[in-house]
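In this chain, numbering begins with 1 at the start of the sequence shown.
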Amino acid sequence: MAIYHFSAKVISRANGSSALAAAAYRSASRLNDERLGRHHDFTNKAGVVHSEVLLPEGAPARWRDRETLWNEVEAGERRRDAQLAREVEFAIPREINQAEGIQLARDFVQRAFVDRGMVADLNVHWDVAADGTPKPHAHVMLTMREASPEGFGQKARAWNRTELLVSWREAWADHVNARLAALDIDAAVDHRSLKDQGIDLEPQNKVGAAASGRAERGELAERLAEHREIARRNGEVLAATPSVGLDAISRQQSTFTDHDLMRFAHRHTDDAEQFQRALSAMRTSPERVALGKDGAGRERFTTRDMLAVEQRLEDAAERLAGRSGHGVDGAGPYGRAAALGSEQAAALAHVTSGHDLALVVGYAGSGKSAMLGAARDAWEAQGLTVCGAALSGIAGESLEGGSGIRSRTLASLEHSWANDRDRLGPNDVLVVDEAGMVGSRQMERVLGAAERAGAKVVLVGDVEQLQAIEAGAAFRALAERHGAAEITEVRRQTADWQRQATREFATGRTSQALERYAEQGAVVEHATRAEARAGVVAGWDQARAAHPDARQIILAHTRADVAELNGLARQRLRASGHLGEDHLIETERGERAFAVGDRVMFLRNERSLGVKNGSLGVVEQIEGGSLAVRLDGPDARVIAFSTWAYAHIDHGYAATIHKSQGVTVDRAHLLATGGLDRHATYVAMTRHRTEAILHYAREDFRSRGELTSTLSRERPKDTTLDYLDRYAARRGLEPEGPATRRADRFVAAWNEAKRQAARAGDDVAAQRAADRFFGALAVQLHRDPELRQALASRRSELGLERGRPQRRLGDDLLRAVGRDRGLDRER
């Protein structure tokens with residue numbers, strides 16, 4: 001983890017502050033304060049590497065002069081306790097260079113503040129600590145009144161909302177992580193508190209250069225003293241109990257590097273001596289386990305706890321897979337089974353067989369829910385009880401709507417088990433949908449409970465869609481170990497070219513899929529992020545007017561963009577007269593205006609109302625703090641509730657991509673930004689039946705090529721199982737022996753895969769053969785530098801070019817099939 005800090009405060013006359021003095025200090029300049037009749041001179045201050053005033057559209061050009069700007073701010077405020085400006089401060093990752101850091105800060109300030117209408121005085125400081133460590137950070141002073149060509153207007157009260165700060169904090173983390181990934185830097189930030197991350201350490205204060213300077217001058221610096229005391233206590237915890245740090249690191253990733261340890265120790269210790277003690281304690285702790293080298297040649301480690309978790313996961317899965325007792329005739333006289341395609345029917349036979357663990361890997365929109373509905377008919381006809389679960393409420397709702405399997409979230413299910421309710425039994429079948437999003441720890445608990453109860457488990461998902469938020473890639477590892485039925489025939493989209501694009505998204509050929517949409521005019525470029533947002537909503541509004549009965553969704557990566565898009569959508573509806581009178585409602589995210597006709601998203605599961613996190617509906621009535629909402633769905637039932645009892649609601653025109661996995665709509669509208677990768681792009685561009693349109697800004701992506709490159713990034717998670725020799729051996733790999741022998745086996749397997757693909761006779765089957773081949777061998781290729789070196793001398797035999805071996809070999813497989821069938825590659 002890179003260092004994360006993001007804070008905000010108000011500069012006010014009530015505590016004796018001056019906007020001119022604050023601006024002069026942060027910019028290391030000399031400014032004349034007309035109100036006080038004095039100069040503020042900080043030209044001797046060091047470390048300021050960039051300083052500029054950014055103006056929103058329509059603001060007077062004279063405000064680019066810092067002195068003019070803040071003197072006008074001071075002159076416009078009459079009260080003795082007036083709030084003059086808001087200051088936001090954030091840490092810039094020291095992993096990037098100075099030029100990249102300045103650009104990172106400028107881009108964020110423009111999008112988060114200036115595009116919203118604020119004037120932003122940005123100053124980037126590149127301070128250096130006593131030990132030579134850089135401490136790059138940015139100070140942003142923001143105006144608090146609306147700007148017009150004539151000057152400042154009314155105070156913008158909406159800019160004071162607490163939830164806006166929360167969204168800025170998340171947006172900064174997403175912005176940083178996207179840039180680090182684009183630069184191929186192995187680091188990331190996390191905006192959540194230590195408590196929310198499950199880290200048993202005290203949160204530290206941010207101490208700026210001012211506090212450090214006061215300490216050096218012998219002045220009182222309570223904040224610095226408190227910060228160092230917390231760091232000292234945390235460092236002592238890490239030195240005495242290194243498992244605390246190791247556990248914290250493994251909460252988000254199954255494996256880690258020594259560099260990860262160093263970053264963590266540096267962040268949570270006080271000085272060089274304590275850093276070395278804490279780092280040494282974590283390095284030598286018996287809890288740390290060496291796994292071997294990854295594909296980049298880096299030594300990877302894990303914790304004994306994580307190793308035990310994923311070993312228990314494998315053991316529970318092994319016992320379930322080897323146990324029988326829930327087999328039924330899936331092809332019996334059940335209405336839905338007759339309507340299935342050949343792949344769906346094969347998957348149905350697989351999940352209804354006797355084994356107590358069954359996995360299904362299906363592309364987005366391939367009819368997994370329809371297959372599960374037929375399976376439910378078969379299971380219930382034989383007297384079995386079927387229950388469904390998913391990580392998110394909306395995915396569970398989608399499973400229930402598509403298959404009829406009564407579903408809930410995994411968290412709700414585990415909570416019931418902990419309170420001795422709704423426990424599984426030997427007559428039960430548990431279906432887990434969107435299983436690729438489930439981390440190793442939770443998957444181990446679920447499979448362990450089912451195995452002890454004698455129940456059957458069916459895991460359904462797609463390893464290429466959104467990755468697990470928590471550590472591990474449990475579903476992918478289990479699919480490699482135990483095999484899975486595959487459903488690759490896409491049914492959701494109505495157009496042939498869209499179905500082909502979905503197959504390309506599913507198999508990592510993101511650039512080809514995006515090109516198909518671009519050829520149809522469904523990839524739209526804008527100059528700025530603000531224009532891209534407006535374009536997304538304009539497209540949504542046009543489709544709404546033309547197809548009023550169609551289901552639509554607007555998708556974005558961050559909650560900040562979702563909030564902006566929701567606001568723009570409401571403006572469109574308000575202008576067209578589709579909304580009633582606004583009522584201000586205090587929600588969990590702050591005050592919101594709701595009206596009859598508004599779309600609402602529910603943000604927390606509530607069994608008494610029958611809603612889940614992600615459920616959608618339309619407001620039909622508002623009285624005081626009570627709402628009546630007609631929920632989406634086949635029964636379109638109306639629920640009534642008071643926001644005093646349930647306040648977890650927000651506008652429901654736009655949603656994050658994470659909330660959309662498992663959702664099907666008629667039309668989808670995507671705002672593409674730098675935080676996306678190929679997994680999120682795959683999900684976002686496959687929610688629709690008839691139309692999906694992607695909007696992006698040159699402000700985010702300098703070219704179409706940069707857009708494609710960003711949206712094609714691979715960021716899969718690994719597991720400790722990937723590095724265990726015996727696990728690899730059971731998949732037909734040979735971890736021991738000379739690299740040349742392993743290369744021979746690789747080439748032989750590759751040639752067999754090509755023969756199978758050629759016999760299959762079509763490109764989809766060829767890609768499936770490639771997928772199966774790499775499902776067995778890609779992990780070994782990833783972790784075995786000697787194997788890759790041995791293969792280098794056999795490039796012509798394999799068609800292996802520079803770049804990612806898996807993707808190049810996959811392309812070669814498709815080319816080989818095409819030659820056998822007399823086809824060129826494009827066709």
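Not one N or O on the side chain of Tyr653 forms a donor-acceptor pair closer than 3.5 Å with the backbone of Ile554. Panel note: side chain Glu434, backbone Ala390; no donor-acceptor pair is recorded below 3.5 Å. Side-chain atoms of Asn566 never come within 3.5 Å of backbone atoms of Ala569 as a donor-acceptor pair (strictly under, hydrogens ignored). With Gln344 contributing its side chain and Gly367 its backbone, the two residues share a donor-acceptor pair below 3.5 Å. Arg667 places no side-chain N or O within 3.5 Å of a backbone atom of His688 that could act as its donor or acceptor partner. A donor-acceptor distance shorter than 3.5 angstrom exists from the side chain of Glu400 to the backbone of Ser407, with no hydrogens or angles considered. Side chain of Gln498 to main chain of Thr690: a donor-acceptor pair is present (N/O by atom type, distance under 3.5 Å, no hydrogens or angles). No donor-acceptor distance shorter than 3.5 angstrom exists from the side chain of His557 to the backbone of Gly674, with no hydrogens or angles considered.
For the atom pair CZ of Arg481 and CG of Leu359, the computed distance is 11.5 Å after rounding to the nearest 0.5 Å. The OH atom of Tyr363 sits 14.5 Å away from atom CZ of Arg492, with the distance rounded to the nearest 0.5 Å. Taking OG1 of Thr502 as the start and CZ of Arg516 as the end, the distance is 10.5 Å to the nearest 0.5 Å. The distance from the NE2 atom of His695 to the CG atom of Asp700 is 14.0 Å, given to the nearest 0.5 Å. The OG1 atom of Thr686 lies 6.5 Å from the CD atom of Gln493; values are rounded to the nearest 0.5 Å. A distance of 6.0 Å separates CD1 in Ile553 from CE in Met601, rounded to the nearest 0.5 Å.
A salt bridge between Asp462 and Lys368 is absent, with no side-chain N of the basic residue lying under 4.0 Å from a carboxylate O of the acidic one. The pair Arg111-Asp561 fails the salt-bridge criterion, with no side-chain N (NZ, NE, NH1 or NH2) lying under 4.0 Å from an Asp/Glu carboxylate O. A salt bridge is absent between Asp666 and Arg551; no separation between the charged side-chain nitrogens and carboxylate oxygens falls under 4.0 Å.
Here the closest non-hydrogen pair linking Ala692 and Ala522 is O-CB, 3.4 Å. Closest non-hydrogen pair, Glu489 versus Glu343, comes out as N-OE1, 2.8 Å. Contact between Gly652 and Leu616 at its shortest, heavy atoms only, is O-CD2, 3.7 Å. The nearest pair of heavy atoms linking Val562 to Ala654 is CG1-O, 3.6 Å. Leu340 approaches Ala345 most closely through the heavy-atom pair CB-N, 4.2 Å. Between Ala347 and Val360, the closest heavy-atom pair is CB-CG1, 4.4 Å.
With a 4.5 Å cut-off on side-chain heavy atoms, Val431 and Arg376 do not count as touching. Considering only heavy atoms from C-beta on, Leu568 stays 4.5 Å or farther from Val536 through its side chain. The side-chain heavy atoms of Arg704 and Glu525, taken from C-beta on, include no pair separated by under 4.5 Å. Using a 4.5 Å heavy-atom threshold, the side chains of Leu707 and Val523 count as touching. Contact check for His669 versus Val537: no side-chain heavy atoms found under the 4.5 Å cut-off. For the pair Glu706 and Ser703, the minimum side-chain heavy-atom distance is below 4.5 Å. Within the 4.5 Å cutoff, the side chain of Thr510 has no heavy atoms near those of the Thr708 side chain. Here the side chains of Thr558 and His175 are not in contact, with every heavy-atom distance at 4.5 Å or above.
Judged by distance alone, the side chains of Asp718 and Thr255 do bring a donor and an acceptor atom under 3.5 Å apart.
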task: Take Val438 and Phe475, measure what side-chain contact (heavy atoms from CB on, under 4.5 Å) needs, and give me the verdict at the end.
output: CA-CA 7 Å; Val438 182; Phe475 181 67; over 6 Å; no
message: Between Glu699 and Asp107, is the side-chain contact (heavy atoms from CB on, under 4.5 Å) condition met? List the steps.
response: CA-CA 8 Å; Glu699 186 179 51; Asp107 290 346; 5.7 Å; no
From CA spacing to verdict: side-chain contact (heavy atoms from CB on, under 4.5 Å), Leu694, Leu711: CA-CA 11 Å; Leu694 182 151; Leu711 270 55; 3.8 Å; yes
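Between Tyr696 and Phe701, the ring planes lie perpendicular to each other; the angle is over 60°, past the 30° to 60° tilted range.
When each of Glu691, Arg544, Arg687 is paired with Gln552, the side chain to side chain contact (heavy atoms under 4.5 Å, CB included) condition holds for Arg544 and for no other.
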